[in-house]
Visitor: 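I have a structure here, written as C-alpha cells, and I will follow up with some questions on it.
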Amino acid sequence: MGGKMRRRVIVLGAGGSIGRQTLDVIRQSMVSTEALELAGFSVHSNREIPMQLKNEFPQAKGAWTGDMASAPEGMSWGGPQALSRLLSETEADIVVNGIAGAAGLSASILALRNKMSLALANKESIVMGYRLLKELAEKNHCVIVPVDSEHAGLFQLIQRVGRSIITELTITASGGPFRTLPLERLSSMSADDACKHPVWKMGRKISIDSATMANKGLELIEASRLFDMPQAHIRVLIHPQSYVHAMVRTVDGALYAQISKPDMRLPIHAALYWPDTMPAAFGFADIAGKSLEFHEPRKARYPLLWIARQALDEGEAACIAYNAANEVAVGYFDKGNIKFTQIADVVLKTLEKGWNLPVGSFEDIFDIDTKARKIAADIVEYT
Ligand code: NAD
Ligand code: MG
C-alpha cells in the first residue's frame with residue numbers, strides 16, 4: 001500500500017472504542033490530507049452508529065453482524081454472511097480490525113484472503129494465529145500493522161533503530177485501577193470497579209483485562225509473535241502515567257523509548273498511513289514537569305502475567321488456551337458469577353490440562369479455542 005495517495009479503509013467494530021476512534025482519524029484526514037476514505041464498516045450491537053455513518057459517509061457500505069432481530073435499517077448486508085460479503089464486495093486497501101475477542105480472528109483471515117492489509121487492534125488474532133496470518137499476508141502481498149499502542153510503539157522503534165542491534169523489548173502497563181489497592185481487597189472488586197480505568201477509555205473486556213493484567217499477558221505473547229523475540233527478552237514495566245508505551249534496548253546498552261499522549265488515535269493514525277509518516281492532529285506529549293515512574297509488576301497482584309509466560313513456554317496451543325480461558329472467565333466475572341481473583345484460577349486450571357497440541361491450520365486454532373472454552377466453563381460450573 002506504500003506510495004498510494006488515497007487509502008480506502010474498512011472499519012470492523014465501528015461502534016466500539018477502536019472503531020469510533022478510527023472514524024475520528026478518517027474525519028481528521030478529510031479536513032487535512034484527504035488521504036483516507038471510509039469504504040465500509042461493520043457494526044455488531046450499536047444501533048445508532050449505522051444511521052449516523054450513512055449520513056456522514058454516504059458512499060460507505062455497512063454490514064450488520066449482530067442479532068438480525070435488532071438489525072437497523074439501511075445496511076447493505078446482515079446475517080451470518082455479512083462480514084464476508086462486506087470484505088469480498090467492498091474495494092479497499094486496509095481493514096482496521098476493532099472487533100473484541102476471539103471473534104476477531106475470522107475477520108482477520110477474511111480481510112487477508114480478500115487481499116487487504118490489516119491494521120490490527122484485535123490482539124487476540126495475533127495471540128491465536130499470527131504465524132498463519134503472516135503466511136497468508138505474504139502470499140497475498142498484504143501487510144499486518146499493529147495498532148495496540150505498545151506494539152505500534154515497538155513497530156516504529158524497531159524500524160527506526162534497526163532490528164539487528166536490538167536485544168530487549170519493553171512494553172509498559174498502566175497497572176489498572178487496582179494498582180495500589182490492598183491485596184486483600186482484590187477479591188471483592190466488581191466488574192464495574194474494574195472498568196474504571198485510570199487512563200484509557202476502552203471496551204469492557206480489555207478494561208477488565210487491564211485490571212488483572214491479562215491484557216499485558218496477551219500483549220507479551222503478541223510482542224513475542226510480532227517481533228519474533230523470545231519472552232526472556234521482553235520486559236513488562238508498570239508506568240502509571242502511560243506516556244512511554246514501549247522501549248527497545250540495543251547491544252551498546254542504550255534504551256530508546258516511544259513517548260506519546262495516551263490517545264489510541266495516534267497509533268491508529270500511524271497504522272493507516274504506514275509506511276508513510278504524516279502529521280497528526282491529536283497533540284503530542286509534553287513531558288516537562290512530569291514525573292514518569294517505572295515499576296516491576298508483582299506476581300501476587302498480577303498472576304495472569306506470569307501465567308502468560310508459562311503459556312509462552314509451553315507453545316502455541318497453550319497461548320490459544322490462555323486467551324480462551326481468560327475470555328470465558330472474564331465473561332463469568334462480568335456477570336458477577338465469579339470473583340475478580342478467580343479469573344486467574346480458572347486460566348491456570350485450564351492450562352494445567354496440558355496443551356501440547358499441533359497448530360497446523362486455522363481449523364486447529366478454532367478447535368483448540370473451543371476445547372479450552374469448554375474446559376474453562378466446566379471449571380467454573382463444577383468446582
Ligand atoms: P469494544 O468492546 O469497545 O468494541 C468492540 C467492537 O466489536 C464492538 O463494536 C462490538 O459490537 C464488536 N463485536 C463484538 N463481538 C463481535 C462479533 N462476534 N462479531 C463482530 N463484531 C463484534 O472494544 P475495543 O476496546 O474497541 O477493543 C477492540 C479490540 O481492540 C480488542 O481486541 C482490544 O483488545 C483491542 N484494543 C483496544 C484498545 C482500546 O483502547 N480500546 C487498545 C488496544 C487494543
Ligand atoms: Mg495495549
Side-chain angles (χ1 to χ4, degrees), residues 10-24 41-50 53 62-67 70-72 77-84 86-87 95-108 110-111 118-128 145-155 170-176 195 197 199-210 213-223 226 236 239 242 244-246 258 260-268 271 323 326-327 330-331 334 369:
I10 294 178
V11 182
L12 304 182
S17 160
I18 290 290
R20 281 179 280 117
Q21 296 185 83
T22 304
L23 294 168
D24 253 8
F41 59 89
S42 84
V43 184
H44 193 72
S45 51
N46 186 324
R47 298 187 76 252
E48 276 91 65
I49 287 273
L53 294 186
W64 175 258
T65 57
D67 184 4
S70 57
W77 304 283
Q81 296 303 316
L83 201 60
S84 129
L86 166 73
L87 291 167
V95 175
V96 178
N97 186 349
I99 293 175
L105 176 59
S106 310
S108 292
L110 282 170
L118 267 177
L120 201 43
N122 179 263
K123 64 191 79 188
E124 295 84 351
S125 292
I126 299 171
V127 168
M128 296 170 75
V145 186
V147 168
D148 209 349
S149 53
E150 301 76 5
H151 307 75
L154 287 174
F155 187 73
T170 298
I171 54 177
T172 63
S174 69
C195 287
H197 197 276
V199 182
W200 306 94
K201 178 104 191 62
M202 311 179 288
R204 279 185 86 80
K205 160 75 173 38
I206 183 173
S207 297
I208 295 169
D209 284 351
S210 297
M213 260 170 92
N215 182 50
K216 221 44 60 174
L218 292 171
E219 292 186 357
L220 192 63
I221 302 170
E222 186 182 8
L226 280 170
V236 173
H239 167 49
S242 297
V244 176
H245 305 289
Q258 190 269 331
S260 57
K261 265 185 19 181
D263 182 334
M264 283 308 293
R265 292 175 303 180
L266 291 164
I268 294 168
N323 175 63
N326 178 60
E327 208 168 301
V330 168
D334 200 6
D369 176 71

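Just so it is clear, the structure is predicted and the values come from calculations on it, not from any experiment. One-based numbering, in listed order, for ligands and for the atoms of each.
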Visitor: Would you mind running through ligand 1 and noting each atom that sits below 4.0 Å from a heavy atom of Gly98?
Guide: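 Contacts of ligand 1 toward Gly98, numbered from 1: 5 (C), 6 (C), 7 (O), 28 (C).
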Visitor: At the Mg ion (ligand 2), what angle lies between atom OE2 of Glu219 and atom OE1 of Glu150, rounded to 10 degrees?
Guide: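 Roughly 100°, rounded to 10°.
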Visitor: Between Ile18, Ile99, Val96, which one has a non-hydrogen atom sitting closest to atom 31 (C) of ligand 1?
Guide: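 Result: the heavy atom closest to atom 31 (C) of ligand 1 is in Ile99.
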Visitor: Heavy-atom contact under 4.0 Å between Gly104 and ligand 1?
Guide: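 For ligand 1, residue contact (heavy atoms, under 4.0 Å) with Gly104 is absent.
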Visitor: Ligand 1 and Glu124, any nitrogen or oxygen pair closer than 3.5 angstrom?
Guide: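 Such a contact does occur with ligand 1.
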Visitor: Looking only at protein heavy atoms, which one is nearest to atom 9 (O) of ligand 1, and what is the separation?
Guide: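 Residue, atom and distance for the closest contact: Gly16 N, 3.1 Å.
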Visitor: Run the numbers for me: atoms of ligand 1, each under 4.0 Å from some heavy atom of Gly203, listed by number.
Guide: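 Reading through ligand 1 atom by atom, the close ones are 1 (P), 2 (O), 3 (O), 23 (O), 25 (O).
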Visitor: Using modelled atom types only, decide if a donor and an acceptor are shared between the side chain of Trp64 and the backbone of Asp67 within a distance under 3.5 Å.
Guide: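 A pair under 3.5 Å: yes.
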Visitor: For atom 3 (O) of ligand 1, what is the closest protein heavy atom, and at what distance to 0.1 Å?
Guide: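 Heavy-atom neighbour on the protein nearest atom 3 (O) of ligand 1: Ser17 N, 2.9 Å.
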Visitor: Using the rule given for side chain to side chain donor-acceptor pair (under 3.5 Å), can you reason through Lys123 versus Asn323, listing the C-alpha separation, both sets of side-chain angles and the distance that settles it, and then say yes or no?
Guide: CA-CA 10 Å; Lys123 64 191 79 188; Asn323 175 63; over 6 Å; no
Visitor: In a check of side chain to side chain contact (heavy atoms under 4.5 Å, CB included) between Leu12 and each of Asn122, Val96, Leu118, Leu83, which one passes?
Guide: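 Going through Asn122, Val96, Leu118, Leu83 one by one, the side chain to side chain contact (heavy atoms under 4.5 Å, CB included) with Leu12 is satisfied by Leu83 alone.
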Visitor: Classify the contact between Met264 and ligand 1 as side chain, backbone, both or neither, using a heavy-atom distance cut-off of under 4.0 Å.
Guide: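 Side chain only.
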Visitor: If you measure every N/O of Gly19 against every N/O of ligand 1, is any gap under 3.5 Å?
Guide: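 No; every N/O pair is 3.5 Å or more apart.
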Visitor: Glu327 side chain to Ala102 main-chain N or O, any donor-acceptor pair under 3.5 Å?
Guide: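 Yes, the answer is positive, given that a donor and an acceptor are paired below the 3.5 Å cut-off.
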Visitor: Do any nitrogen or oxygen atoms of Asp148 lie less than 3.5 angstrom from nitrogen or oxygen atoms of ligand 1?
Guide: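 No, no N or O pair falls under 3.5 Å.
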Visitor: Could you list the atoms of ligand 1 found under 4.0 angstrom from a heavy atom of Ala121?
Guide: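 Heavy-atom distances to Ala121 below 4.0 Å select 30 (O), 32 (O), 35 (C), 36 (N), 44 (C).
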Visitor: Please work out, at 4.0 Å between heavy atoms, whether the side chain, the backbone, both, or neither of Ile206 comes within that distance of ligand 1.
Guide: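 For Ile206, only side-chain atoms sit under 4.0 Å from ligand 1.
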Visitor: Is there a side-chain contact between Glu150 and Phe155 in this structure, where contact means two heavy atoms from C-beta onward sitting under 4.5 Å apart?
Guide: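 No, their side chains stay 4.5 Å or more apart.
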Visitor: What is the nearest protein non-hydrogen atom to atom 12 (C) of ligand 1, stated with its residue, atom name and distance?
Guide: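 Closest protein heavy atom to atom 12 (C) of ligand 1: His44 CB, 3.7 Å.
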Visitor: Can you check whether Ala103 has an N/O within less than 3.5 Å of an N/O in ligand 1?
Guide: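 By distance alone, the answer is no.
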Visitor: With side chain to side chain donor-acceptor pair (under 3.5 Å) as the test, would you mind laying out the steps for His44 and Thr65 before giving the verdict?
Guide: CA-CA 5 Å; His44 193 72; Thr65 57; 2.8 Å; yes
Visitor: In terms of atom number and element, which parts of ligand 1 are under 4.0 angstrom from non-hydrogen atoms of Ser45?
Guide: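 Ligand 1 atoms under the 4.0 Å threshold to Ser45: 11 (O).
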Visitor: Determine, for Lys205 against Asp209, whether the closest basic-nitrogen to carboxylate-oxygen distance falls under 4.0 angstrom.
Guide: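 Counted as a salt bridge, because a side-chain N and a carboxylate O are separated by less than 4.0 Å.
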Visitor: Under a 3.5 Å cutoff, is there a donor and acceptor pairing between the side chains of Thr172 and His245?
Guide: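 Per modelled atom types, Thr172 and His245 side chains form no pair under 3.5 Å.
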Visitor: Relative to atom 7 (O) of ligand 1, which among Ala100, Ser125, Ser106 owns the nearest non-hydrogen atom?
Guide: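 Of the listed residues, Ala100 has the closest heavy atom.
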Visitor: Within this structure, what is the SG-CE distance for the pair Cys195 and Met202, rounded to the nearest 0.5 Å?
Guide: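 Separation between the atoms: 8.5 Å.
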Visitor: Backbone, side chain, both or neither: what part of Thr65 comes under 4.0 angstrom of ligand 1, heavy atoms only?
Guide: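 The side chain, only.
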Visitor: So, Asp148 side chain and His151 main chain: donor-acceptor pair closer than 3.5 Å or not?
Guide: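 Checked: no pair found.
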Visitor: What's the shortest distance from atom 34 (O) of ligand 1 to any protein heavy atom, and which residue and atom give it?
Guide: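 Nearest protein contact, heavy atoms only, for atom 34 (O) of ligand 1 is Lys123 CE, 3.2 Å.
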Visitor: Would Arg20 count as being in polar contact with ligand 1, using the rule that some N or O on each side must be under 3.5 angstrom apart?
Guide: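 No, since none of the N or O atoms of Arg20 sits under 3.5 Å from an N or O of ligand 1.
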Visitor: Scan Ile126, Leu226, Val95 and name whichever one has a side chain to side chain contact (heavy atoms under 4.5 Å, CB included) with Leu120.
Guide: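 It is Ile126, the one option of Ile126, Leu226, Val95 that forms the side chain to side chain contact (heavy atoms under 4.5 Å, CB included) with Leu120.
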Visitor: Give me the atom names and distance for the closest heavy-atom approach of Leu87 to Ala111.
Guide: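 So the minimum-distance heavy-atom pair works out to CD1-N, 3.9 Å.
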Visitor: I'd like the atom name of the N/O/S atom in Asp148 lying closest to the Mg ion (ligand 2).
Guide: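 The Mg ion (ligand 2) is closest to the Asp148 atom OD1, counting only N, O or S.
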Visitor: Quick check: do Arg265 and Thr22 have side-chain heavy atoms less than 4.5 Å from each other?
Guide: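 A side-chain contact under 4.5 Å is absent here.
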